[in-house]
2 protein chains.
Amino acid sequence: MSRTKSRETLLQELEEAMRRSSAQGVMYGQAVANIAGIAQSDMECMDILFLEGRVTAGRLAEVTGLTTGAITGVVDRLEKAGYVRRERDASDRRKVFISVVVEKAEEIGKFYVPMQAAMQKVWGGYNDEELRLLLRFANDGYKGVLEATEALKGVIETPPAKRASLKMKPPIR
Amino acid sequence: MSRTKSRETLLQELEEAMRRSSAQGVMYGQAVANIAGIAQSDMECMDILFLEGRVTAGRLAEVTGLTTGAITGVVDRLEKAGYVRRERDASDRRKVFISVVVEKAEEIGKFYVPMQAAMQKVWGGYNDEELRLLLRFANDGYKGVLEATEALKGVIETPPAKRASLKMKPPIR
DNA sequence: ATTTGATATCTTAGTAACTAAGAGAATTAG
DNA sequence: CTAATTCTCTTAGTTACTAAGATATCAAAT
């Protein structure tokens, strides 16, 4: 056993570690949705609302990849539960803006406290220079995943019998 | 604007970048499932099968958080599509082992090629020492998410009206 | 002003995948 | 040998989704 790992070993371990932690992250999100008693799509929409602020129903459909009909259902549930409000746009009365009811939404936010605490603890183990490297990596990684998502469209050559329409979700923003 | 970011700014940006890239990663997985024409739960089970090899139906239920009934459906679909095989355990004939049909499963694997390529490209921009830091971080991060998942159970004090039974998914392995 | 076409959301009907509960078969404990 | 336990599957009912189209509004052309 060599004391310093070969680059190949490093890359393998890195891939596995990334895969594991991201899988576990997904599970955390599922657990939060379960506890909060709302569907995962609903939670995803809440996330988007927090990131983007006030968005239209159509934009939610676009970003989540759901149909507008499905979004109607999502917003119905969230509105009934008090997490969001529908507001018709005054200048274009076809549009419906969805906005977060902050006080109510904070009830969900508290389920993310354990995650934030854990992450702060982790980040506490790194100095500023190391954090800069991690930030660079996170940004590079994001760009990489975007590229991969784009390249994925190119993999489709021989459409099998029943193929979904491949309505791919655009990245947020 | 200071040339070097404050630690606070770094942490904020890091959180956002991580969130973004992990969200986009989830979307990539959804896109692959769509293209392959199988449900996301089915895809998740395939992932587990690749990681763990031969697993029982019950283990799949445990790890995915689905009921055993749901797993029956998942395996039915995957088996029908030729991705997996059911094999009764000879020593305990109640058990059903699920195993991947490798040749067929490779058809799915090819949808991950763009992602692997993108990640290799990203990792190419880092030297061994930097990769070691990233590996350390990925492992710390995994541990952090596990802790957070555990701590999440503690957040439940005042059970609201209708609360899911909080059947939380255990980490893989 | 009216018509035509485009846009934004919602409605309806049908489908797929889930849960809860329990049945059936095999195993283990007393 | 019987009873309790374990493991998967079945059944009935629910939920959230899609596809298609209805409804309402806006924008453009004449």
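What you see is a predicted model; the values in this text were computed from it and never measured. Throughout, a chain's letter reflects where its sequence line sits, starting with A, and its residues are numbered from 1.
With a 6.0 Å radius and a threshold of 12 heavy atoms from other residues, nucleotides or ligands, B:Arg85 has its CZ atom at or below the threshold.
Atom-to-atom, CG of A:Leu78 to P of C:dC10 comes out at 13 Å; the value is rounded to the nearest Å. A:Glu44 has its CD atom 15 Å from the P atom of D:dA16, to the nearest Å. Spacing between atom CD of B:Gln40 and atom C1' of D:dC17 amounts to 12 Å, rounded to whole angstrom units. In this structure, A:Glu62 atom CD and C:dT7 atom C1' are separated by 13 Å, rounded to whole Å. In this structure, CE of B:Met43 is placed 13 Å from P of C:dA17, rounded to the nearest angstrom. Between the CG atom of A:Leu66 and the C1' atom of D:dT18 there is a distance of 10 Å, given to the nearest Å. Computed from coordinates, the A:Leu60 CG to C:dT9 C1' distance equals 12 Å when rounded to whole Å. One interatomic measurement links the two molecules: NZ of A:Lys80 to C1' of D:dA16, which rounds to 14 Å at whole-angstrom precision.
Among residues two or more places apart in sequence or in another chain, the salt bridge (charged side-chain N to carboxylate O under 4.0 Å, His left out) test is passed with B:Arg19 by none.
Between B:Met43 and B:Ala36 the shortest heavy-atom distance is CE-CB, 4.3 Å. The minimum heavy-atom distance linking B:Ser41 with B:Leu66 is given by the pair CB-CD1, 4.2 Å. A:Arg93 and A:Ala90 make their closest contact through CG-O, 3.7 Å (heavy atoms, listed as atom of the first residue, atom of the second, distance).
Using bins of under 30°, 30° to 60° and over 60° for the plane-to-plane angle, the ring pair A:Tyr126/B:Phe137 lands in the perpendicular bin.
Under the 4.5 Å side-chain heavy-atom criterion for grouping Ile, Leu, Val, Met, Phe, Trp and Tyr, B:Val26 is not connected to B:Val145 through any hydrophobic cluster.
A:Thr64 comes within 4.0 angstrom of nothing in the nucleic acid, heavy atoms only.
Here A:Ser41 reaches the OP1 or OP2 of D:dC17: one of its side-chain N or O atoms lies under 4.0 Å away. Between A:Thr67 and D:dT18 there is a side-chain N or O to OP1 or OP2 distance below 4.0 Å. Side-chain nitrogen and oxygen atoms of B:Arg77 include at least one within less than 4.0 Å of the OP1 or OP2 phosphate oxygen of C:dA17.
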Please tabulate the protein-to-nucleotide N/O contacts below 3.5 Å involving nucleotides 4-11 of chain D, giving atom names and distances.
unit_1: D:dT6; atom_1: O4'; unit_2: B:Arg94; atom_2: NH1; d: 3.4
unit_1: D:dT6; atom_1: O2; unit_2: B:Arg94; atom_2: NH1; d: 2.7
unit_1: D:dT8; atom_1: OP1; unit_2: B:Ala57; atom_2: N; d: 3.3
unit_1: D:dT8; atom_1: OP1; unit_2: B:Val96; atom_2: N; d: 3.2
unit_1: D:dT8; atom_1: OP2; unit_2: B:Gly58; atom_2: N; d: 2.6
unit_1: D:dC9; atom_1: OP1; unit_2: B:Arg86; atom_2: NE; d: 3.0
unit_1: D:dC9; atom_1: N4; unit_2: B:Thr68; atom_2: OG1; d: 2.8

